2 protein chains.
Amino acid sequence: MDAQPRWLDPEQKAAWDSFIRMQETLIGRLSRRIQADSSMSAADYIVLVSLTERGGGRLRFLDLAKLVEWEKSRMSHQVTRMAKRGLVAREECPDDGRGAFVVATPAGYKAIEEAAPQHVEHVRRLFVDALTPHQLSTLGRLSQRVLDHMEKQPD
Amino acid sequence: MDAQPRWLDPEQKAAWDSFIRMQETLIGRLSRRIQADSSMSAADYIVLVSLTERGGGRLRFLDLAKLVEWEKSRMSHQVTRMAKRGLVAREECPDDGRGAFVVATPAGYKAIEEAAPQHVEHVRRLFVDALTPHQLSTLGRLSQRVLDHMEKQPD
DNA sequence: CCCGCCAAGTTGATGCATCAACTTGATGAA
DNA sequence: TTCATCAAGTTGATGCATCAACTTGGCGGG
């Protein structure tokens, strides 16, 4: 009944395997580094970077969620945890009774300002420095191409 | 005191951002697909593939963990969950009283045999088909290069 | 006005990831 | 033999991710 599965050919499979292993290793090492260097999680880091650098330290809940491309539920749980640790605070929105702002606290600013340079160093050391500038830009271009392709595809 | 942080230059940052977004989107969509198609998690899938295709359906615990490059604790929890769902079973090791085998059950085989072709189709559709063969092999080569580089780096 | 609908955000349940602490069995040296 | 040590695997605690169900407030039409 079914068509034969169309497996990847050896070259395709090798490329896919390398990509997957690289990506897992890299992300794993970077997150563990963030944790160890700053006692923040990778999720904390992303949220604080977006909030402070792109949102000026204060954003509506859903704007923040869109910025990092997270579901609102994920963000809500995350903000709850971060608020418990004092990295951000929730504030009411006067314009919209349902709404909420997320605000970076001074401790949040301090944490991100300390963590960011270290994180960048690790990105450099593990990733950027592995490639020539030309190779790096090729990898970026190919990534963007895959992204563009995915956006045209159904889920 | 500290040296100025050496931020990424705009080209580097663009490449890094594209890579990160691509990788997150891709992995996210593929895992959700596996879940939806087969009611297995991505973790279940990886374990079953390794166990059946590379381990002949039966492996010592730590061999399996090494194969997928997981910590033993992670694998132990995962095997517990999978055993509860009937995908694998634990068996005692006669040679080594501490040891344990992990064995794929018939249900495990059935699950992976149904899931694998669909998964490959999604990898093709989202990733492989986004690139020309030449681009794909370039991406594979660059990934491998980053991997090799990371292996030489301390944690 | 009021009612249905939608938008914003929360909550609870479940599964996954990680770390540290623990148990138990193998092993080699005195 | 016996003891210290190490290897194999488990367990518990905690935080993160995802899904579905829920609450509350805004909004537009009758």
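These numbers come from a predicted model, not from an experiment. Chain A is the first sequence line, chain B the second, and so forth, proteins listed ahead of strands; every chain is numbered from 1.
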Heavy-atom pair of closest approach, residues A/Gly86 and A/Thr105: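 Smallest heavy-atom distance, with atoms named: O-OG1, 2.6 Å.
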Counting distance only, does the side-chain N/O of [X] pair as donor-acceptor with the main-chain N or O of [Y] below 3.5 Å?
X        : Y        : value
B/Arg141 : B/Leu136 : no
B/Thr80  : B/Ser76  : yes
A/Arg124 : B/Trp7   : yes
A/Ser38  : A/Ala115 : no
B/Arg6   : A/Pro117 : no

Span of DNA chain C, from the first to the last nucleotide whose atoms fall under 4.0 Å of chain B heavy atoms: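 In short, chain B contacts DNA chain C from C/dG15 to C/dA26.
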For DNA chain C, the residues among residues 71-79 of chain B that have a non-hydrogen atom under 4.0 Å from it: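 Output list: B/Ser73, B/Arg74, B/His77.
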Contact list for DNA chain C against residues 80-98 of chain B - heavy-atom distance below 4.0 Å: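 Close to the strand are B/Arg81, B/Arg85, B/Asp96, B/Gly97, B/Arg98.
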Basic-acidic side-chain contact under 4.0 Å: A/Asp17, A/Lys13: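 Salt bridge between A/Asp17 and A/Lys13, a charged N being under 4.0 Å from a carboxylate O: yes.
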Residues A/Asp37 and A/His119: side-chain donor-acceptor under 3.5 angstrom: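 There is no such pair (donor and acceptor under 3.5 Å, judged by atom type) between the side chains of A/Asp37 and A/His119.
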With A/Glu114 via salt bridge (charged side-chain N to carboxylate O under 4.0 Å, His left out) - residues at least two apart: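 Listed in chain order: A/Lys110.
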Throw together a table of side-chain donor-acceptor distances under 3.5 angstrom for residues 142-150 of chain A, partners on residues two or more places apart or in other chains.
{"unit_1": "A/Ser143", "atom_1": "OG", "unit_2": "A/Leu139", "atom_2": "O", "d": "2.8"}
{"unit_1": "A/Gln144", "atom_1": "OE1", "unit_2": "B/Ser18", "atom_2": "OG", "d": "2.9"}
{"unit_1": "A/Gln144", "atom_1": "NE2", "unit_2": "A/Asp148", "atom_2": "OD1", "d": "3.0"}
{"unit_1": "A/Arg145", "atom_1": "NE", "unit_2": "B/Ala130", "atom_2": "O", "d": "2.9"}
{"unit_1": "A/Arg145", "atom_1": "NE", "unit_2": "B/Gln135", "atom_2": "OE1", "d": "3.2"}
{"unit_1": "A/His149", "atom_1": "NE2", "unit_2": "B/Arg125", "atom_2": "O", "d": "2.7"}

DNA chain C base-pair string [pairs: Watson-Crick or G-U under 3.5 Å; |: paired with another strand]: ||||||||||||||||||||||||||||||
With A/Ser31 via side-chain hydrogen bond (donor to acceptor under 3.5 Å, both in side chains) - residues at least two apart: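 Counting only residues at least two positions away or on another chain, A/Ser31 forms no side-chain hydrogen bond (donor to acceptor under 3.5 Å, both in side chains).
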For B/Arg54, side-chain hydrogen bond (donor to acceptor under 3.5 Å, both in side chains) partners two or more places apart: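 By the side-chain hydrogen bond (donor to acceptor under 3.5 Å, both in side chains) rule, B/Arg54 matches no residue at all.
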What pairs of donor and acceptor atoms, side-chain ones from residues 56-66 of chain A against any protein atom, are under 3.5 angstrom apart with sequence neighbours left out?
{"unit_1": "A/Arg58", "atom_1": "NH1", "unit_2": "A/Glu91", "atom_2": "OE1", "d": "3.1"}
{"unit_1": "A/Arg58", "atom_1": "NH2", "unit_2": "A/Glu91", "atom_2": "OE1", "d": "2.5"}

Members sharing B/Val103's hydrophobic cluster (side chains within less than 4.5 Å):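 Besides B/Val103, the hydrophobic cluster comprises B/Phe101, listed by chain and residue number.
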Residues from residues 41-61 of chain B lying under 4.0 Å of DNA chain D - heavy atoms: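 When residues 41-61 of chain B is checked for heavy atoms under 4.0 Å from DNA chain D, the hits, listed by number, are B/Arg60, B/Phe61.
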Give every donor-acceptor pair under 3.5 Å between a side-chain atom in residues 42-52 of chain A and any protein atom, sequence neighbours left out.
{"unit_1": "A/Asp44", "atom_1": "OD1", "unit_2": "A/Ser41", "atom_2": "OG", "d": "3.3"}
{"unit_1": "A/Asp44", "atom_1": "OD1", "unit_2": "A/Gln78", "atom_2": "NE2", "d": "2.5"}
{"unit_1": "A/Asp44", "atom_1": "OD1", "unit_2": "A/Arg85", "atom_2": "NH1", "d": "3.0"}
{"unit_1": "A/Asp44", "atom_1": "OD2", "unit_2": "A/Ser41", "atom_2": "N", "d": "3.1"}
{"unit_1": "A/Asp44", "atom_1": "OD2", "unit_2": "A/Ser41", "atom_2": "OG", "d": "3.3"}
{"unit_1": "A/Asp44", "atom_1": "OD2", "unit_2": "A/Arg85", "atom_2": "NH1", "d": "2.7"}
{"unit_1": "A/Ser50", "atom_1": "OG", "unit_2": "A/Ile46", "atom_2": "O", "d": "2.9"}
{"unit_1": "A/Thr52", "atom_1": "OG1", "unit_2": "A/Leu48", "atom_2": "O", "d": "2.8"}

